[in-house]
2 protein chains.
Amino acid sequence: MAEVLPHPERSEIQIESVLQALADPVRLRFVRELAKLGCDGAPCGSIDLPVTKSTRTHHLRILRESGVISVRPEGTSRISTLRRDDLDALYPGLLDSILAAKR
Amino acid sequence: MAEVLPHPERSEIQIESVLQALADPVRLRFVRELAKLGCDGAPCGSIDLPVTKSTRTHHLRILRESGVISVRPEGTSRISTLRRDDLDALYPGLLDSILAAKR
DNA sequence: ACCGTACTACGATTGTGGTCGAACTACGAC
DNA sequence: GTCGTAGTTCGACCACAATCGTAGTACGGT
C-alpha cells in the first residue's frame, strides 16, 4: 500500500497547522471519535464519516501531516491514533478543551 | 459608524467557529497581539497587519462573530478586546495553550 | 494464481475564503 | 460648514481546499 507515511516530529508540529487541521468539521468529528475509542487507535474505515473513501484519505492526510494523528499500516488496513502525548506536551490543555466542548 | 455590532452570547459560541477563526495566520497574529496588550483592548488600527483596511475589517468580523473578540466603538475608532473570560469558561486551557505556543 | 478488501493517487469540479480597490459612512477637529 | 481620519461595504478576483469518481496498488485469503 505504501512505503513510508511521513509524520512530523514533535518539534516540527506547528500550532497553525494543528488549528487548521482541527478547523474542519469532518476532521474534528474524526478526532472526537478517535478520542472516544481510547488510545489504542482504530482502523480508518471503522469510523464512519459522511464522505467518500477518497475524501477520507484526504482528511487523514491533513491530520497526519499536521501532527494530530499518527497512522500505521496493519495488514491491509491502517490504524489511526491520536498523538495525545505530543499534543499535550506542546499545547497543554488544547486537546482536552476541544474534546470537552459539547459541540 | 455603525448601529450595533452583533456579538454571539457566550452560550452561542461554537468550538468549530472558534477554531476556524483561529486557524488563519493573520487572525492568529492579531489575537496574539491583542493578548500581549493586556485586557483593556486596543484600537483596531493600532495593531499592524500585513493586509489592507478592508481585509482587516473582514478578519475582525470573523473574530467577532465567532466570539473570540468583542468590539466596541469609541469615537471614530474601535476597540477590540479578547473575550478571555468567555473563552476560558467554555474551553478552559484552549486560549492559554495557543498563546503559549512559541509559534 | 485469483479475488476481495482497504486504501491511495490522480484529475476534475465546485465552493469557499482571503485579498484588494474603490466608493461610502461616521465621527472629530478646525 | 469642510476636511481628514477610521472603518465599512460592495464587487471582483484568485487561490486553495473539499469533494467526487475512476483507476491503481498492496495485502490477506482461498
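Chain A is the first sequence line, chain B the second, and so forth, proteins listed ahead of strands; every chain is numbered from 1.
Judged by distance alone, the side chain of A:Ser77 and the main-chain N or O of A:Glu74 form no donor-acceptor pair under 3.5 Å. Of the possible donor and acceptor atoms, none in the side chain of A:His59 sits under 3.5 Å from a partner among the backbone N and O of A:Thr57. Counting only distance, with no hydrogens or angles, the side chain of A:Arg64 and the backbone of A:Pro6 share a donor-acceptor pair below 3.5 Å. Of the possible polar contacts, one joining the B:Tyr91 side chain to the B:Ile15 backbone as a donor-acceptor pair under 3.5 Å is found.
Under 4.0 angstrom from either OP1 or OP2 of D:dG7 there lies at least one side-chain N or O belonging to B:Ser77. One finds no side-chain N or O of A:Arg78 lying less than 4.0 angstrom from the OP1 or OP2 phosphate oxygen of D:dC27. Using a 4.0 Å cut-off, no side-chain N or O of A:Arg56 falls inside it from OP1 or OP2 of D:dA18.
Out of D:dG7, C:dC7, D:dA18, the shortest distance to the side chain of A:Thr57 is found at C:dC7. Closest to the side chain of A:Thr55, out of D:dT19, C:dC20, C:dT8, is D:dT19. The side chain of B:Val26 has C:dT19 as its nearest neighbour among D:dA18, C:dT19, C:dC7.
The nearest whole Å value for the distance from the CG atom in A:Leu63 to the C1' atom in D:dA17 is 14 Å. Atom CG in B:Leu49 sits about 15 Å away from atom C1' in D:dA6, given to the nearest Å. The interatomic distance linking B:Gln20 (CD) with C:dG17 (C1') rounds to 9 Å, in whole Å. Atom P of nucleotide C:dT8 and atom CD of A:Glu65 are separated by 12 Å, given to the nearest angstrom. In this structure, the CD1 atom of B:Ile47 is 15 Å from the C1' atom of D:dA6, given to the nearest Å. Between B:Phe30 atom CZ and C:dT19 atom P the separation is 14 Å, expressed in whole Å. Atom CZ of A:Arg64 is separated from atom P of C:dT8 by 8 Å (rounded to the nearest Å). Separating the CD1 atom of B:Ile79 from the P atom of D:dG7 is a distance of 9 Å, rounded to the nearest angstrom.
Other residues, nucleotides and ligands place no more than 12 heavy atoms under 6.0 Å from the CZ atom of A:Arg61.
Inter-residue side-chain proximity for A:Glu33 and A:Ser80 is flagged as unmet; no heavy-atom pair is nearer than 4.5 Å. Two residues are said to be in side-chain contact when any heavy atoms from C-beta on lie closer than 4.5 Å; B:Arg32 and B:Leu28 meet this criterion. Looking only at side-chain heavy atoms (C-beta outward), A:Glu16 and B:Leu22 stay at 4.5 Å or farther from each other.
When heavy atoms are screened at a 4.0 angstrom cut-off, B:His59 is found touching the sugar-phosphate backbone but no base atom.
Each of B:His58 and B:Lys53 was matched to the nucleotide of DNA chain C holding its nearest heavy atom; the match closer to the 5' end belongs to B:His58. Mapping A:Val51 and A:Glu74 onto DNA chain D via the closest heavy atom, the residue that lands nearer the 5' end is A:Val51.
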Enumerate all atom pairs, one protein N or O and one N or O from nucleotides 28-30 of chain C, separated by less than 3.5 Å.
none

Using the 3.5 Å cut-off, write out each protein N or O paired with an N or O of nucleotides 10-15 of chain D and the distance between them.
none

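Under 4.0 Å is where a charged nitrogen must lie from a carboxylate oxygen, and between B:Arg83 and B:Asp88 no such pair does. A salt bridge does not link A:Glu12 with A:Arg10: none of the charged nitrogens is closer than 4.0 Å to a carboxylate oxygen.
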